Amino acid sequence: GIRAAAVVFGTFAAEHDLVFPKLTWSAPVDAAWMRGDAKGASLACSSFNEALMLLKASDFVVHDITSPFEGTSPSSSDGKVEPAPLIQHHLILKRWYDLHDSREFRVFVAGGRYVAATQRDASTHFPSLETEQPELDACLRAFVARVAPRLPTPTCVLDVYITPTARRSVRLVDINPWLPTIVSPGTLEWTDIEAAAVAVVDGPAPVAHADVDFSLPLSLAQPHTLARRACTASAVPLEMSAALMDGRGDIVAALQRLMSGEDDSSDTDV
């Protein structure tokens, strides 16, 4: 229960100071905007109440609880659709590390083979990455070749961190399902990723020094382009969004109406 989780959190936090929480599969990254303190939009938690607030406010976490198999169609060997299995959710606590956004990457793996990779922060251009792009691309491809046989599923999306050192060590941060409906493609498009995946999986096995390569090179955010910032759809409460859509003023006026209870749109079913 909640009380037991609070005790576990306190014990873990006593050893690691700051804690990164997630529920089963998803971290509450879409709720980070709620952190209006000195930590900024961070998921680093020093108390169980902070972690609970983020988990309860996250659409990603709610999705895991209410419809975790959305976009999938589990079936048996005879083709019959089977009911979705019951999920026993787990509170996952990890030690918090301060990682630089420019060293985080998302790698797409299909059939145990490298398909594509993208800069994890799709909204920021990091000039320093442009000169490193060939080396980073090679590191990610070598990493996939090394870990693919040990992955729990041959088709998935990996979040990794490459250390800013001469060795460029690749560290696995998380494993995500191959689900375009919930997994961000970063600076790429899912249509391009899936087309490349078909070509990579159905194409010939990779051969050293071969001219044919159906995979996509590491994609980086470019300067002077309108990049999409992750989780913007979850960064405004539904009531605020409804108030802004009614055409009766700016965000300050909408907030004032909501706080005074004058806005009728809050009674509308969403």
Side-chain angles (χ1 to χ4, degrees), residues 2 5-6 8-10 12-13 16-68 70 89-107 118-126 129 157-162 171-177 179-188 220-221 226-244 251 254-255 258 270:
I2 296 295
V8 172
F9 186 98
F12 191 84
H16 302 294
D17 295 330
L18 294 178
V19 179
F20 172 78
K22 62 183 297 187
L23 183 72
T24 311
W25 302 293
S26 297
V29 293
D30 56 323
W33 64 273
M34 297 182 63
R35 299 296 296 274
D37 54 17
K39 297 171 187 171
S42 169
L43 295 180
C45 299
S46 57
S47 70
F48 178 70
N49 286 339
E50 290 180 340
L52 186 61
M53 176 192 70
L54 292 173
L55 293 171
K56 291 175 65 176
S58 171
D59 291 339
F60 293 169
V61 172
V62 171
H63 179 275
D64 284 356
I65 297 174
T66 60
S67 51
E70 181 181 9
H89 290 282
H90 300 276
L91 175 64
I92 311 297
L93 304 177
K94 297 184 178 182
R95 180 180 178 181
W96 175 263
Y97 291 91
D98 287 317
L99 304 179
H100 197 284
D101 292 348
S102 68
R103 312 304 295 186
E104 294 183 273
F105 301 91
R106 173 158 283 182
V107 187
T118 174
Q119 179 181 315
R120 187 71 176 87
D121 181 1
S123 63
T124 307
H125 170 64
F126 298 103
L129 293 182
V157 182
L158 308 179
D159 287 334
V160 303
Y161 184 81
I162 300 182
R171 309 290 175 84
L172 179 62
V173 176
D174 212 345
I175 302 177
N176 308 287
L179 283 179
T181 55
I182 62 174
V183 177
S184 169
T187 59
L188 296 168
L220 303 176
L226 183 60
R228 53 197 163 197
R229 185 169 293 277
C231 305
T232 51
S234 303
V236 178
L238 291 177
E239 294 84 354
M240 175 67 75
S241 177
L244 291 174
I251 189 170
L255 181 58
L258 286 173
V270 177

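Keep in mind that this is a model prediction, so the values were computed, not measured.
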For the residue pair [X] and [Y], establish whether any side-chain heavy-atom pair is separated by less than 4.5 Å.
X: Val107; Y: Val160; value: yes
X: Tyr161; Y: Glu104; value: yes
X: His100; Y: Phe126; value: yes
X: Pro177; Y: Trp25; value: no

Provide the closest heavy-atom pair for [X] versus [Y] in the form atom of the first, atom of the second, distance.
X: Ala27; Y: Ser58; result: O-OG, 4.3 Å
X: Phe9; Y: Ser47; result: CE2-C, 3.2 Å
X: Leu55; Y: Leu91; result: CD1-CD1, 3.7 Å
X: Ser46; Y: Leu18; result: CB-CD2, 4.0 Å

Any donor-acceptor pair under 3.5 Å from [X] side chain to [Y] backbone:
X: Arg106; Y: Val183; value: no
X: Arg103; Y: Ile162; value: yes
X: Thr118; Y: Thr187; value: yes
X: Asp121; Y: Asp101; value: no
X: Asp159; Y: Val173; value: no
X: Gln119; Y: Ala221; value: yes

>> For Pro28, run the side-chain contact (heavy atoms from CB on, under 4.5 Å) check against Leu23, Leu43, Val62 and tell me which one passes.
In response: Leu43
> Hey, mind stepping through His16 and Leu93 against side-chain contact (heavy atoms from CB on, under 4.5 Å) and telling me if it holds?
Replying inline: CA-CA 10 Å; His16 302 294; Leu93 304 177; over 6 Å; no
Gap between atom [atom2] of [Y] and atom [atom1] of [X] - 0.5 Å precision:
X: Leu179; Y: His63; atom1: CG; atom2: NE2; result: 8.0 Å
X: Asp59; Y: Ile182; atom1: CG; atom2: CD1; result: 12.5 Å
X: Asn49; Y: Leu54; atom1: CG; atom2: CG; result: 11.0 Å

> Any side-chain donor paired with an acceptor under 3.5 Å for Asp64 and Ser26?
Replying inline: yes
> Can you say whether the rings of Trp96 and Phe20 are parallel (under 30°), tilted (30 to 60°) or perpendicular (over 60°)?
Replying inline: tilted
